Amino acid sequence: MNTAQHAAPTAPMPRLRTLPRTLRTPERIVLTGFMGSGKSTVGPLLAAQLGWTFIDLDSEIERRTGLTVAQIFAEKGEAAFRKEETAALATALGCTHAVIALGGGAPETLANRLLLEQTPATAVVYLAAPFATLAQRCAVQDAQDAQAASPGTILRPNFADPIAAESSFAARQPLYRRLAHIILETGTLTPEGSVAAVLAALAAKAPRA
Ligand code: S3P
């Protein structure tokens, strides 16, 4: 969620892994990153640019279960949420010409990592940003969303405790990085800048070793 992203005069170049040839023309693009990294903001813009479908995995889970993410956490627990997440991811990866935004915790589940690694023609993009930036974006967005929710609703259960969130951020970073074909530092990018950088990275002929 990138409501707090702001324009920067110079955009840092994305860091690339060597892309397998098929990934230069991927059939789907998966956006990963911690809460607040902009997946749900950048994703629809990227999909629109490509003329592709946008799939937000959290929204898919909510549609499939008839519950909000916060309700699933509160009523069934995180483990039940993770099972739904894996089922939704498996379905989403069956789609072509789709941009798929994962929830921030999805790469922690081994089954999800295997699905991502083993689904051909799937480009994984990590939207990276410093923890302080992510926390600020989440605070801004949750304050906006809280207007529409009932009082006291915790919109991001795994950001309710900032200290726990920061240690989860540290633990997840290596997973995000390892899974990613493209690592984009979004801290100073606008959502539109992130889209342009992802497209440029995918088009690049000489990726970083
Ligand atoms: C979570 C991130 C959320 C959502 C759930 C758990 C996490 O998605 O899947 O609240 O553990 O990081 P966003 O990253 O889209 O906020």
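Bear in mind that the values here come from a model prediction, so they are computed numbers and not experimental data. Counting starts at 1 for both ligands and their atoms, in listed order. For this chain, numbers begin at 1 and follow the sequence in order.
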Practice task
Could I get the full list of side-chain hydrogen bond (donor to acceptor under 3.5 Å, both in side chains) partners for T119, not counting sequence neighbours?
Solution key: none
Problem - Option of least heavy-atom distance to atom 14 (O) of ligand 1 (set: K39, E108, R137) - result: K39
Problem - side-chain hydrogen bond (donor to acceptor under 3.5 Å, both in side chains) assessment of Q173 paired with Y126 - result: CA-CA 10 Å; Q173 282 249 43; Y126 170 32; 2.9 Å; yes
Problem - Chi angles and distances behind the salt bridge (charged side-chain N to carboxylate O under 4.0 Å, His left out) call for E78, R82 - result: CA-CA 6 Å; E78 181 165 354; R82 296 300 170 198; 2.8 Å; yes
Problem - Subset of ligand 1 atoms that lie under 4.0 Å from at least one heavy atom of P157 - result: 10 (O)
Completion exercise
For N158, the atoms of ligand 1 under 4.0 Å from one of its heavy atoms are 7 (C), 11 (O)
Practice task
Taking only Lys NZ, Arg NE, NH1 and NH2, and the carboxylate oxygens of Asp or Glu, determine whether R64 and E60 approach each other closer than 4.0 Å.
Solution key: no
Practice task
For L110, look at atom CG and say whether over 12 heavy atoms of other residues, nucleotides or ligands are found less than 6.0 Å away.
Solution key: yes
Handout entry: For T86 against A111, the heavy-atom pair lying closest together
Key = CG2-CB, 4.1 Å
Exercise for the section: Return yes or no for this condition: an N or O of G33 is under 3.5 Å from an N or O of ligand 1. Expected result: no
Completion exercise
Of D58, D56, L31, the residue with the heavy atom nearest atom 4 (C) of ligand 1 is D58
Exercise for the section: With side-chain hydrogen bond (donor to acceptor under 3.5 Å, both in side chains) as the test, would you mind laying out the steps for T122 and R28 before giving the verdict? Expected result: CA-CA 5 Å; T122 302; R28 61 193 73 69; 2.9 Å; yes
Exercise for the section: May I ask you to check whether G104 has an N/O atom sitting below 3.5 Å from an N/O atom of ligand 1? Expected result: yes
Handout entry: Residues E166 and R172 bridged, charged N to O under 4.0 Å
Key = no
Fill in the blank from the handout: Near G103 (heavy-atom distance under 4.0 Å), the atoms of ligand 1 are 8 (O), 9 (O), 14 (O)
Handout entry: Numbered atoms of ligand 1 (with element) below 4.0 Å of V69, judged on heavy atoms
Key = 5 (C), 10 (O)
Handout entry: Distance filter under 4.0 Å to F81 heavy atoms, resulting ligand 1 atoms
Key = 9 (O)
Problem - Proximity of F159 to ligand 1 by residue part, where a heavy atom lies under 4.0 Å - result: neither
Practice task
Would you mind finding which of M35, E78, R82, R156 brings a heavy atom closest to atom 6 (C) of ligand 1?
Solution key: R82
